[in-house]
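Worksheet: the structure to be examined is printed underneath.
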Amino acid sequence: CTRCSDFLVKRRSEMDEAEALRPEVQQRVARLQPRIQEAQRKATDALGRGKSIKEQAEKKAADLKKASEEADLFMRFDSNKDGLLSREDISALARWECGFDLPEQELDRIWQALRPRAANGLAIAQFQRLRTAISLARTNSLPGASSALPAPPAPALAPMSPMTSMLPMTAMSPMTAMSPMTGMSALSALSPAALTGLSPDLLASQANALVAALGALAAAGQGAFS
């Protein structure tokens, strides 16, 4: 447009001067670049430290608030205001916090575990552990909370009797006849004492059956890997 053309014509000399300053400005920016980067790094570090300090302050404030609340609760149940919780105080705390009467055996256990030797009660240093112990006692008192008894061990397999070991091999199923454990049990049962009194015909029959079973087992193994 005409106005734009007039502006460019009128400001041409100023734009030319500015263009001439470009190399000098670029050099100055290049010289300042390390300082700019250092300033950015310091700003990032300061931001990180500020965030960490803020988180620490928030955590400390939360801890102080929690400690103050626990101290107020402790003093609430310290009936005689001596800085120690008696057994009656602990029972009252359990009724207020968990809504149940602490069993006498649980109270004895807590009292013995947390009370310092020769002390007349529990100090505020044990208060958090006391609340945890009460909560656990409440959980254990719920129906079905007791752990199930371990399952009884499986009965040991009775050793094979000599008469069982001498049953005809043909009476067994194919898988049983070829079972390595069955074969080992049968062989372990064939002691000299077990063979006493057996007729030669029965011994020969059992030997032939065993040989036949071993042959069938070998054939089956070859067929499986062929």
Measure the shortest side-chain to side-chain distance between E70 and I124 over non-hydrogen atoms and say whether it is less than 4.5 angstrom.
no
Student check: side-chain heavy atoms of L122 and F127 closer than 4.5 Å
no
Spatial distance of atom CG (L114) from atom CZ (R109) [nearest 0.5 Å]:
8.5 Å
Are the side chain of E97 and the backbone N or O of A94 linked by a donor-acceptor pair below 3.5 Å?
no
Calculate, to the nearest 0.5 Å, the distance between atoms CD and CG belonging to E106 and D101 respectively.
13.0 Å
Heavy atoms, side chains only, cut-off 4.5 Å: are K59 and Q56 in contact?
no
Tell me the closest heavy-atom pair linking C98 and S135, and the distance in Å.
SG-CA, 4.2 Å
Rounded to the nearest 0.5 angstrom, the CZ-CD distance for F77 and E88 is 14.0 Å
Same apolar cluster: L130 and F100, side chain cutoff 4.5 Å:
yes
Side chains of L73 and R131 in contact at under 4.5 Å (non-hydrogen atoms):
yes
Any donor-acceptor pair under 3.5 Å from S52 side chain to G48 backbone:
no
Could R41 and E38 be called an ion pair, given the rule that one side-chain N must be under 4.0 Å from one carboxylate O?
yes
Looking only at non-hydrogen atoms, find the nearest pair between D78 and G83 and report the distance.
OD2-N, 2.7 Å
With a 4.5 Å cut-off on side-chain heavy atoms, are Q128 and K66 touching?
yes
Run through N80, L84, L85 and flag the one making a side-chain contact (heavy atoms from CB on, under 4.5 Å) with N120.
L84
For the side chain of D63 and the backbone of K60, is there at least one donor-acceptor N/O pair under 3.5 Å apart?
no
Would you check if L93 and F74 make a side-chain contact, meaning some heavy-atom pair closer than 4.5 Å?
no
Nearest 0.5 Å, please: how far is OG1 in T139 from CD1 in I134?
12.0 Å
Salt bridge check, R87 against E104: does any charged N sit closer than 4.0 Å to a carboxylate O?
yes
Quick one about S141 and R138 (side-chain donor to acceptor, distance below 3.5 Å, no hydrogens or angles considered), yes or no?
yes
Are side-chain heavy atoms of K54 and E58 found at a separation under 4.5 Å?
yes
Do I90 and L136 share a hydrophobic cluster (ILVMFWY, side-chain heavy atoms under 4.5 Å, transitive)?
no
